[in-house]
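Okay, structure first, notes after.
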There are 2 protein chains.
Amino acid sequence: MALEHAILVSLLEKPGSGYELARRFERSIGYFWTATHQQIYRVLKRMESEGMLAVRTVPQQGRPDKKEYSAAAPGRAALAQWLHEPIEPESLRHDLAVKIRGAAFDDPASLIREVERHQQAHRDRLARYLAGELRDFTGPDAPAPLDAGQELQHVVLRGGIAQERMTIAWLDDVLATLHRLGRSTPTSTG
Amino acid sequence: MALEHAILVSLLEKPGSGYELARRFERSIGYFWTATHQQIYRVLKRMESEGMLAVRTVPQQGRPDKKEYSAAAPGRAALAQWLHEPIEPESLRHDLAVKIRGAAFDDPASLIREVERHQQAHRDRLARYLAGELRDFTGPDAPAPLDAGQELQHVVLRGGIAQERMTIAWLDDVLATLHRLGRSTPTSTG
DNA sequence: CTTGTCTATGCAACGAGTTGCATAGCAGGA
DNA sequence: TCCTGCTATGCAACTCGTTGCATAGACAAG
């Protein structure tokens with residue numbers, strides 16, 4: 001399972017608490033993996049008990065203490081081993097595509113608003129990714145020569161950007177199709 | 001959950017057995033949803049007990065009997081209701097991206113073969129999708145004017161094609177990055 | 001004649017992911 | 001004063017998804 005490995009990578013990049021990890025999963029890690037705080041806490045606990053992670057309780061001012069996790073040697077070794085194992089190319093799950101095919105048995109035009117809403121969400125995501133790219137990699141405040149870790153983070157971010165651009169363009173195609181069907185066939189319920 | 005809805009859509013397009021559905025999930029449905037036969041049988045059983053599906057036992061020659069499922073009125077109604085509810089834009093899970101970011105703590109060059117293997121898998125998938133498009137939608141044997149259902153199937157397939165093309169191009173970018181890092185930084189283990 | 005593959009359905013166990021809820025201090029606004 | 005929201009961690013129950021295994025007849029290759 002890859003949540004373990006995503007956590008190890010994130011902690012190697014920078015140690016942090018469960019809460020902080022949860023926020024990273026909402027942001028930078030979010031464009032290739034998602035996890036809720038409940039999932040993260042549960043996995044952190046298990047990994048700690050297996051000796052993969054080290055913990056340090058950090059007292060804070062005006063805030064609850066936090067447990068700062070970092071990758072221990074066995075965790076690092078487990079990650080290295082996984083990196084050398086082949087994995088299956090992932091299969092996607094796309095709810096909206098199910099809806100689009102299902103629209104043949106309902107009114108296709110009634111899906112237009114939903115598709116537009118999704119397209120807007122993807123536009124918003126793209127804007128965030130592009131802002132992050134400028135801030136961390138291509139803008140004037142970005143480190144001048146990127147190190148290997150930053151180069152790899154950047155190429156993964158470019159993947160997220162390409163994904164969003166592709167999706168936005170495809171949803172244009174979907175919208176055009178739905179409009180076309182709305183004009184020609186009023187209802188096509190089998 | 002969308003497996004239920006994917007099954008309803010597929011059975012509305014054409015009734016079939018659990019086994020047949022499993023094969024559809026390997027093929028046409030596979031570019032937007034995946035499921036194993038175990039999952040499908042379990043859900044079919046539950047949906048039948050809930051009255052969403054109708055079953056008919058079909059005796060066959062030289063083969064085991066099959067249970068042919070079709071969507072019943074309550075199933076159709078449940079699908080229609082879901083189609084009118086807004087859903088959350090989906091979040092992806094991309095193991096390979098985890099590996100790419102993890103490569104910063106290992107040898108980036110050792111990932112090249114794995115990335116090439118994935119790229120080849122996506123090329124194969126793209127070839128299958130394009131063959132299917134020619135056969136069902138754009139080739140000489142395709143139905144002359146497509147009906148609404150076929151138009152919608154086609155636009156979803158175009159989404160799958162766009163996805164694969166984007167991924168193949170991005171993996172070129174990844175490979176170029178890994179080669180670049182292999183030349184400049186021998187190992188960059190933090 | 002045995003092995004393997006295809007059709008066809010299913011159970012059991014486990015691991016991954018989701019949802020709802022609980023606690024608790026601090027800060028800011030109505 | 002009360003309500004909302006943020007940081008911070010966690011349990012319990014449930015559903016979803018994966019893996020391994022079992023059954024069973026038909027057919028083809030060796």
Side-chain angles (χ1 to χ4, degrees), chain A residues 1-8 15-27 29-30 32-50 53 55-69 78 82 87-95 98, chain B residues 1-8 15-27 29-30 32-50 53 55-69 78 82 87-95 98:
Chain A
M1 80 124 182
L3 176 54
E4 256 183 27
H5 303 119
I7 286 174
L8 280 167
S17 69
Y19 189 83
E20 282 164 358
L21 280 172
R23 286 197 303 174
R24 290 187 212 170
F25 273 83
E26 279 171 13
R27 296 168 191 218
I29 303 178
F32 61 92
W33 207 266
T34 50
T36 59
H37 78 270
Q38 291 88 345
Q39 249 187 103
I40 291 165
Y41 283 124
R42 192 206 272 150
V43 172
L44 283 174
K45 199 167 195 176
R46 196 192 63 221
M47 290 174 77
E48 188 206 332
S49 78
E50 288 167 352
L53 303 179
V55 206
R56 198 169 62 95
T57 302
V58 180
Q60 298 185 119
Q61 291 191 330
R63 289 182 186 184
D65 292 2
K66 67 174 181 180
K67 293 187 187 174
E68 195 186 72
Y69 289 90
W82 177 70
I87 54 172
E88 286 303 299
E90 45 284 311
S91 44
L92 29 86
R93 301 260 159 112
H94 208 312
D95 297 73
V98 179
Chain B
M1 79 123 179
L3 177 54
E4 256 183 26
H5 303 118
I7 285 175
L8 280 168
S17 69
Y19 188 83
E20 283 166 357
L21 280 171
R23 286 196 304 172
R24 289 187 212 169
F25 273 83
E26 278 171 11
R27 296 168 191 218
I29 302 178
F32 61 91
W33 207 266
T34 50
T36 59
H37 78 270
Q38 292 87 342
Q39 246 187 103
I40 290 165
Y41 283 124
R42 191 206 271 151
V43 173
L44 283 173
K45 200 168 194 176
R46 196 191 64 219
M47 290 174 78
E48 189 206 331
S49 78
E50 290 168 350
L53 303 179
V55 206
R56 197 169 64 95
T57 302
V58 180
Q60 296 186 121
Q61 291 190 331
R63 289 181 187 186
D65 292 2
K66 68 173 180 181
K67 293 188 187 174
E68 196 187 71
Y69 289 89
W82 178 70
I87 54 171
E88 285 304 298
E90 45 283 312
S91 42
L92 28 87
R93 301 259 160 112
H94 208 312
D95 298 74
V98 179

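Labels below follow one simple rule: chain letters A, B, ... track the order of the sequence lines, proteins then strands, and each chain is numbered from 1. As the structure is a prediction and not an experimental result, all values here were calculated from the model.
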For nucleotides 23-27 of chain D, list the nitrogen or oxygen atoms of the protein found under 3.5 Å from its nitrogen or oxygen atoms, one pair per line.
from    : atom 1 : to     : atom 2 : distance (Å)
dA26(D) : O4'    : G62(B) : O      : 3.4

Over how many whole Å does the gap from [X] atom [atom1] to [N] atom [atom2] extend?
| X | N | atom1 | atom2 | answer |
| --- | --- | --- | --- | --- |
| E20(A) | dA8(D) | CD | P | 6 Å |
| L21(A) | dT7(D) | CG | P | 15 Å |
| R93(A) | dC16(D) | CZ | C1' | 9 Å |
| I40(B) | dT19(D) | CD1 | C1' | 16 Å |
| L44(A) | dA8(D) | CG | C1' | 13 Å |

**Message:** If you assign K66(B) and Q39(A) each to the DNA chain C nucleotide with the nearest heavy atom, which residue ends up on the more 5' nucleotide?
**Reply:**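 The answer here is K66(B).
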
**Message:** Both A2(A) and Q38(A) contact DNA chain C. Taking the nearest nucleotide for each, which residue is further toward the 5' end?
**Reply:**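 The 5'-side residue here is A2(A).
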
**Asked** So, do I7(B) and E4(B) sit near enough that their side-chain heavy atoms are less than 4.5 Å apart?
**Response**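 Of all side-chain heavy-atom pairs linking E4(B) with I7(B), none is under 4.5 Å.
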
**Message:** Counting C-beta onward and ignoring hydrogens, is there a side-chain heavy-atom pair between I40(B) and Y69(B) closer than 4.5 Å?
**Reply:** no

**Boundaries of the DNA chain C segment in contact with chain A, non-hydrogen, under 4.0 Å** = dA16(C) to dC26(C)

**Message:** Under a 4.0 Å threshold between the charged nitrogen and the carboxylate oxygen, would K67(A) count as salt-bridged to E48(A)?
**Reply:** no

**Message:** Do the side chains of K66(A) and E20(A) get close enough for a salt bridge, i.e. N-O under 4.0 angstrom?
**Reply:**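 Here K66(A) pairs with E20(A) in a salt bridge, since their nearest N and O are under 4.0 Å apart.
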
**Request:** Calculate, to the nearest 0.5 Å, the distance between atoms CD and CG belonging to Q60(B) and D65(B) respectively.
**Result:**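 Answer for the CD-CG pair, Q60(B) versus D65(B), is 7.5 Å.
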
**Complete:** Output for pair (W82(B) CH2, I87(B) CD1), nearest 0.5 Å, gives 5.0 Å

**Item:** Contacts of Y41(A) that satisfy ring pair (Phe, Tyr, Trp, His ring centres under 6.0 Å) - sequence neighbours left out
**Value:**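 H37(A).
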
**Item:** Trace of the side-chain contact (heavy atoms from CB on, under 4.5 Å) decision for I29(A) with V98(B)
**Value:** CA-CA 9 Å; I29(A) 303 178; V98(B) 179; over 6 Å; no

**Prompt:** For dT7(D), does either OP1 or OP2 sit under 4.0 Å from a side-chain N or O belonging to R23(A)?
**Reply:** yes

**Item:** R93(B) side-chain N/O to T34(A) backbone N/O, donor-acceptor pair under 3.5 Å
**Value:**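 Side chain of R93(B) to backbone of T34(A): a pair is present.
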
